[in-house]
Amino acid sequence: MRTLFLGNEALAQGAIDAGLSGVYAYPGTPSTEITEYIQKSKLAKELNIHSIWSVNEKTAMEAALGMSYAGKRTLTVMKHVGLNVAADVFMNMSISGVNGGLVVVVADDPSMHSSQNEQDSRFYGKFAMIPILEPSNQQEMYDLTRYAFDLSEELKLPVLLRTVTRLSHSRSFVNTQDRIAQNELKLPENTSRFALIPSYARGLYQNLLDIQPKIEAIAESSSNNTLTIGKDKSLGIIACGLGYNYLMENFEDKCPYSILKVTQYPLPRKKVKELFKTCDKILVLEEGYPLVEEMIGDYFGEDPKVIGRLSGHVNRTGELNPNIVAKSLGLKESTPKEIPAIVANRPPQLCVGCGHGDVFNALQTLIPEIGTKQVFADIGCYTLGVLPPHNIINTAIDMGASITMAKGAADAGVFPAIAIIGDSTFTHSGMTGLLDAVYEKSPITVIISDNSASAMTGAQDSAALGRLKDICLGIGVEPEHLKVIVPLSKNHEENVTLLRDEMNYKGVSVIIAQRACVQLPKERKDFIKKFNTLS
Amino acid sequence: MKTNIIIAGVGGQGILTISTILDMAAFNNNLYIKQSEVHGMSQRGGAVQSHVRISDKEVFSDLIPFGKADMIISVEPMELLRYLSYLKEDGWLITDAEPFVNIPNYPEMEDLFNKIKTYPNHLIINATEEAKKIGTSKAANVVMLGAASSLLPIDEAGLLKAITDLFNRKGERVVNINIEAFKKGQELASTVIK
Ligand SMILES: Cc1ncc(C[n+]2csc(CCOP(=O)(O)OP(=O)(O)O)c2C)c(N)n1
Ligand code: SF4
């Protein structure tokens with residue numbers, strides 16, 4: 001069947017058709033639509049495929065491993081920085097291996113359209129010594145996801161499928177195939193490989209090393225890695241993932257050079273060698289960091305035979321596009337029209353009526369007392385508080401870091417130290433840091449700006465709904481310093497007074513500023529009202 | 001044959017309606033398509049664009065190269081100019097006249113229109129106003145699509161079918177408003193784009 005799919009949807013449908021039993025994920029641009037597609041799919045519902053959001057990427061990946069342990073095919077999905085959170089289980093499950101097929105989908109965001117950095121997940125795959133697949137179009141998103149499950153079960157290893165923003169968020173037509181049935185429940189024959197005590201782990205690590213030649217041989221003979229020999233030997237091109245598209249965009253069917261299209265890693269060494277031997281220079285086109293270029297290039301780079309991002313022939317940072325690739329090939333380009341100076345920047349901003357704005361306003365009133373540099377924040381819509389007109393927050397590093405950075409600063413003597421964190425980020429990784437602060441009675445004031453959603457990523461449900469107060473009390477926040485306010489302009493004076501009092505407390509205070517995201521549909525807001533009794 | 005279209009606007013203005021209609025119409029006409037869109041941070045009132053590429057052969061890049069867009073369709077006049085670097089030498093600039101002002105330094109309207117008029121192939125229409133007259137300002141996007149339709153590689157019947165299919169689940173009234181909006185756009189463009 002031919003269907004129009006967003007790259008992410010093609011991947012999700014590929015997983016369903018491969019006999020998926022569950023997806024475990026935490027939202028994050030550009031990965032979010034994969035899980036959302038499965039959540040909305042009628043077929044997935046009929047098939048009883050698990051698809052409820054996890055609290056963070058680590059819990060997601062661990063649950064996925066548990067489902068795989070039970071013999072089922074499982075998908076775990078996250079954005080690139082989410083893999084940092086899940087890195088512990090990720091690295092260790094490459095040692096233990098999996099039972100049912102387990103595919104780790106990581107969506108990278110080169111150019112940082114919606115991210116704190118543009119780290120390249122292929123490094124993680126290489127670090128873990130597992131196969132990596134890197135689709136270049138929507139059809140491959142579908143096909144390679146199906147293939148990834150087979151490969152995972154053949155090798156008994158997790159497989160990393162790496163996508164990037166431009167592919168995840170681009171639509172095209174995809175031919176789908178018949179669905180295969182889900183695996184039966186089947187516990188592992190030998191469970192000891194899942195118990196990584198040192199005496200077992202040493203042997204298992206050796207196994208992982210021993211299987212490397214097989215993994216490479218599969219990539220070598222795979223039709224996912226194709227070498228096309230061209231007439232012109234002055235240049236050979238290694239085109240990874242989307243790099244291939246931009247190359248072909250420039251040449252259509254008439255590329256005179258040899259091309260190695262890389263879609264599966266480890267690198268197919270023999271094919272790379274053939275290209276290397278027959279061509280004068282090798283241009284590497286890769287989305288993200290210069291992984292391949294660094295692997296096969298010359299360390300000193302004095303007269304590099306291998307050129308790419310490191311050698312300066314391709315931009316060192318940011319995503320590729322047809323023009324960057326044209327330039328790296330020395331193709332002549334027309335000069336694009338200039339953008340007139342009257343076009344003003346239009347950065348993203350808080351929606352009109354957003355509760356985070358009222359929290360910022362209250363803090364703004366207190367800034368003369370707090371000082372401008374003592375507000376630590378986190379990742380979510382409220383990160384926009386770093387920009388005008390708010391200019392209120394100073395930090396946004398990684399999810400959860402507002403509370404822990406405030407604590408560290410307080411330990412150093414900063415007072416007051418204020419943390420602002422969203423409800424979803426709080427349950428993602430703020431809770432543990434709060435326990436650190438409670439444990440030491442650190443003088444910090446934590447504002448949980450609770451809009452009952454993970455709004456930045458498209459208003460997904462938050463596991464915090466109806467639980468924030470109990471969580472804080474359970475962690476040990478003193479009841480007299482746990483306050484709930486409603487961030488509305490009519491409550492401004494009252495909220496400022498309450499904030500001031502709590503800021504002056506020499507211990508942990510938590511203020512939950514509770515008002516649903518204005519973008520939520522009415523039914524959802526009504527549902528949330530049952531939990532948020534004040535607002 | 002390859003047609004490259006950039007659709008521009010502000011996050012929340014719903015520019016994807018235009019892209020979706022084009023996708024569906026291309027599907028009906030058995031053409032190849034790639035259509036990239038913006039999700040994430042910029043959707044909060046920031047500048048957003050969609051690249052739509054329709055062809056009778058396989059399309060490789062999801063992004064249109066600089067200088068290769070046949071037209072830029074914008075639902076907002078300043079956003080039209082943001083993507084000029086993509087426009088072909090003789091490409092078309094088509095925009096709604098209605099500004100979306102959510103920044104303090106939005107340029108003077110007169111300066112904007114004067115700038116747009118320096119490009120020979122331009123069309124500025126009051127799509128939002130016309131859509132309101134028809135029944136809802138939401139149909140402004142479809143007025144814009146109608147205005148650009150004679151430049152598209154898909155015939156009128158194909159586009160109308162896509163509009164009908166897209167709005168069907170919202171009921172006959174919505175379908176009719178959008179068809180009327182499309183025709184209004186065609187009419188407004190007819191004296192300029194020939
Ligand atoms: C480790 C990690 N996972 C996911 C994301 C993507 N992400 C950015 S903000 C956000 C949700 C924020 O929700 P919340 O804290 O409730 O704030 P809101 O956007 O609702 O204001 C997510 C999931 C990320 N940046 N880092
Ligand atoms: S989406 Fe919700 S939380 Fe984000 S800015 Fe808009 S109202 Fe605020």
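Order of the sequence lines sets the chain letters (A, B, ...), proteins ahead of strands, with each chain counted from 1.
- In this structure, chain B has no heavy atom under 4.5 Å from any part of A:Leu350.
- Contacts of B:Ile116 with chain A are absent, with no heavy-atom separation under 4.5 Å from either backbone or side chain.
- Contact annotation for B:Leu112: both backbone and side-chain heavy atoms come within less than 4.5 Å of a heavy atom of chain A.
- When heavy atoms are compared at a cutoff of 4.5 Å, A:Gln349 approaches chain B by way of both its backbone and its side chain.
- No part of A:Glu333 comes within reach of chain B, as not one of its non-hydrogen atoms sits under 4.5 angstrom from that chain.
- Using a 4.5 Å cut-off between heavy atoms, B:Glu108 does not touch chain A at all.
- In this structure, A:Phe173 CZ and B:Asp23 CG are separated by 6.5 Å, a value rounded to the nearest 0.5 Å.
- In this structure, no portion of A:Gln519 lies under 4.5 Å from any heavy atom of chain B.
- The closest donor-acceptor contact from the side chain of B:Asp62 to the backbone of A:Ser170 lies at 3.5 Å or more, if one exists at all.
- If you take CZ on B:Phe60 and CG on A:Asn137, they are separated by 9.0 Å, rounding to the nearest 0.5 Å.
- In this structure, the portion of A:Leu6 lying under 4.5 Å from any heavy atom of chain B is its side chain and not its backbone.
- Among the candidates A:Val352, A:Thr29, A:Val343, the residue making the largest number of heavy-atom pairs closer than 4.5 Å to chain B is A:Val343.
- With a threshold of 4.5 angstrom between heavy atoms, B:Tyr119 approaches chain A through side-chain atoms but not through N, CA, C or O.
- Of the two parts of B:Lys115, only the side chain, counted from C-beta on, holds a non-hydrogen atom closer than 4.5 Å to a non-hydrogen atom of chain A.
- For A:Cys354, no part lies under 4.5 angstrom from a heavy atom of chain B.
- No other option in A:Ser168, A:Pro347, A:Cys351, A:Pro388 has as many heavy-atom pairs under 4.5 Å with chain B as A:Pro347.
- Under the 30°/60° scheme for interplanar angles, the aromatic rings of B:His39 and A:His169 are found to lie parallel.
- B:Ile33 is listed as a side-chain neighbour of A:Leu4, based on a closest heavy-atom distance under 4.5 Å.
- Looking only at distances, a side-chain donor or acceptor of A:Lys337 sits under 3.5 Å from a matching main-chain atom of B:Lys88.
- Taking 4.0 Å as the cut-off between side-chain N and carboxylate O, A:Glu249 and B:Lys68 do not count as a salt-bridged pair.
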Dump the intermediate steps for side-chain contact (heavy atoms from CB on, under 4.5 Å) on A:Glu252 and B:Lys57, then the final yes or no.
CA-CA 10 Å; A:Glu252 302 264 301; B:Lys57 287 205 301 265; 4.1 Å; yes

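- Contacts with chain B were tallied for A:Asn345, A:Val325, A:Leu242, A:Leu167; A:Asn345 has the most, counting heavy-atom pairs under 4.5 Å.
- Here the straight-line distance linking atom OG1 of A:Thr335 with atom CZ of B:Phe66 works out to 12.0 Å at 0.5 Å rounding.
- Comparing A:Ser172, A:Pro340, A:Gly7 by heavy-atom pairs within less than 4.5 Å of chain B, the highest count is held by A:Pro340.
- Under the 3.5 Å distance criterion, the side-chain polar atoms of A:Arg346 are left unmatched by any main-chain donor or acceptor of B:Val101.
- Between atom CG of residue A:Asn245 and atom CG of residue B:Leu63 there is a gap of 9.5 Å, rounded to the nearest 0.5 Å.
- The minimum heavy-atom distance linking B:Ser85 with A:Ile339 is given by the pair OG-CD1, 4.1 Å.
- Rounded to the nearest 0.5 angstrom, B:Ser61 OG and A:Asn321 CG are separated by 7.5 Å.
- Looking at B:Val52, neither its backbone nor its side chain comes within 4.5 Å of chain A, counting heavy atoms on both sides.
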